[in-house]
Protein chains: 2
Amino acid sequence: MAETNLRVLLKRRPNGAPVPEDFEISAGPVPEPGEGEVLVRHRFVSLDPYMRGRMSDAKSYAKPVALGEVMEAAAVGEVIASRDPRFAPGDHVTNAFGWQQFSAVAGSRLIKVDPKEAPLSANVGVLGMPGLTAWVGLQDIGQPKSGETVVVSAASGAVGQVVGQIAKQRGARVVGIAGGQAKCDFIRTELGFDAAVDHRGDLNAQLDAACPDGIDVYWENVGGAVQEAVFPRFRDFGRMVMCGMISQYNEAPGADAKGAPAGPNLGPVVRKRLRIQGFIVSDSGWQRYGQFRSEMLDWIGNGKLHWREDVVEGIEKMPAAFIGLLKGANFGKLVVKVD
Amino acid sequence: MAETNLRVLLKRRPNGAPVPEDFEISAGPVPEPGEGEVLVRHRFVSLDPYMRGRMSDAKSYAKPVALGEVMEAAAVGEVIASRDPRFAPGDHVTNAFGWQQFSAVAGSRLIKVDPKEAPLSANVGVLGMPGLTAWVGLQDIGQPKSGETVVVSAASGAVGQVVGQIAKQRGARVVGIAGGQAKCDFIRTELGFDAAVDHRGDLNAQLDAACPDGIDVYWENVGGAVQEAVFPRFRDFGRMVMCGMISQYNEAPGADAKGAPAGPNLGPVVRKRLRIQGFIVSDSGWQRYGQFRSEMLDWIGNGKLHWREDVVEGIEKMPAAFIGLLKGANFGKLVVKVD
């Protein structure tokens, strides 16, 4: 093949917020699929906050990306050659990997998707890891009941959008926290959230108004000042779903080291019988992918699930787009069109 | 009856650590049992850290004791008159109430106990609320598995003693944290804990030695510096059973108000998939009292459950004993012999 594979390599470990110089755009050869592997031409590559963790060599739940290697990502694309009998050229697949245009992936790691069921890019968004994260975390930890108040931070983001809409399906009253008027309008009018709180405004006053009876479930995506404002508002038996704390991802040398910003005093956890629980969707979430996908496709088919994507075009824009993601510059699920 | 009922009244709400002047010793009449009530002569009255909360009018899970009223407590004693056909003079009962010598209690609130099964005072200790707390919290939240490392703070106290021994029954490796050499020796040699950490020494060095592979379950009774040292040592999927934080009970005006000491940064809750959960045994624990008591009596009968009591004699000593309890001055379950 005459084509090259444009890729983004991790050149050095970011010190605090990543900068463009931490990455290198590199043209490599299109990989040859080995026995049992499938060559995928990526159409959309996902950019997600967890990737900041992979750029650091601080101890975490997954190995860091090695320097000089292609950055990790989920992608969706088209099979162009296959050495796995289950896949043929023209098939669409997801969970191919990397900030790049092509990958050769073991067929056992791929999921075939039907582009007639949903737009291809949705497979790395509402139908992909972010959607599965929302579905698993709400089901296993948040467990919203009808009439309860659910607050979700980063509410217009990839995970937050889905969390709020699933909670609505379960009969909860949903309050989203987002940055700026446009995002707040979007979650109320397009996604049907009951109220929106702009974290650039007075958090306490807005939360007083939006959650007069307190909070039963808080979905934590951000940490920092938002967490501080939400925490005292839990009702008895409240649940705090710890999905991430993006406000800290650029803290060096890792937020469990000395010098990490303090968290809430845990006295109310006893008095209010709270549960604070963290999870990582990759632990066991994919084992329930079939049930998740079928439920989500039903909701999509019935017009009950909406989403917004922020689509960037071109591999070479990935570093800047990712840097913006950590600052909340995106509006909706960030995906990169790479073909 | 010519007898009087010596009682301890709450005279004023303590500001910080309680002082003797916050209480008043008062001789009242022995109460007359009403229809359906039972008159109990208390033998042992329990003193427990939760009572500090009842002295404050800060919002909490239970109502405060009103000024001028008898302080709340569990007690065990003998029926001397009964207007409930289920109880007769000479019966021994528990869950009678108050820092006093007598109470008239609705029979429906009493549990008959057999003094041949266990020493009477055990009914407000290992067989009472503190033991039930340990049993319920470990079963519902801690869920220690064989081979896991369980750390318990205030390990020689009423709840801690039982937590550690139940965890040992479940096959866990148990590390107790206590104040001073005598308590540390006691939990190792008398209770069979695997290791002891003296919180008056270098917590980090001792925890390094006692928990080389990290901590799976932490039973929180104390908060403060102990919590700060334990928290970073959780292993993946660790559980933190939030039973209490005695180090804060004297903080005014309540530890969820502004100015409460900060807690741990919650980043590790995501990365390590931790669960931090609070509970109050009175929510539903007594519904399982029968199963609890029978399991505990089996262990006692088989010599597998030991405990130490710190017995104070005389109603008039209750204020000083309680003040000491909040400072860790007691050694073992604090009970007051009042007959």
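Chain letters run A, B, ... following the sequence lines, proteins first and then strands; every chain starts at 1.
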Review point. Which pair of heavy atoms, one from B:M240 and one from A:L266, lies closest together, and at what distance?
Key: CE-CD1, 3.9 Å
Check your understanding: Do A:Q277 and B:V269 have side chains that get closer than 4.5 Å, going by heavy atoms?
Key -> no
Check your understanding: Most heavy-atom pairs under 4.5 angstrom with chain A, which of B:G223, B:G53, B:A62, B:A262?
Key -> B:A262
Review point. What residue in A:E220, A:M242, A:R273 has the most heavy-atom pairs under 4.5 Å with chain B?
Key: A:R273
Revision key, fill the gap. Salt bridge (charged side-chain N to carboxylate O under 4.0 Å, His left out) filter on A:K327, not counting sequence neighbours, yields none
Check your understanding: For A:Q227, is it the side chain, the backbone, both, or neither that has a heavy atom closer than 4.5 Å to a heavy atom of chain B?
Key -> side chain
Review point. For B:D283, is it the side chain, the backbone, both, or neither that has a heavy atom closer than 4.5 Å to a heavy atom of chain A?
Key: side chain
Exercise for review: Enumerate the residue pairs fulfilling salt bridge (Lys or Arg N to Asp or Glu O under 4.0 Å) with a member in residues 210-219 of chain B, sequence neighbours excluded, ordered by first and then second residue.
Suggested key: B:D216-B:R235
Point to revise | Atom of B:R275, atom of A:R275 and distance for their closest heavy-atom approach | key: CD-CD, 3.8 Å
Review point. Checking heavy atoms, do the side chain of A:F237, its backbone, both or neither come under 4.5 Å from chain B?
Key: side chain
Practice item. Heavy atoms only: give me the nearest B:R271-A:Y61 pair and the separation to one decimal. Key: O-CB, 3.6 Å
Exercise for review: Identify which part of A:L274 has an atom lying under 4.5 Å from any heavy atom of chain B, answering side chain, backbone, both or neither.
Suggested key: backbone
Check your understanding: Donor-acceptor pair, B:N265 side chain versus A:G263 backbone, under 3.5 Å?
Key -> no
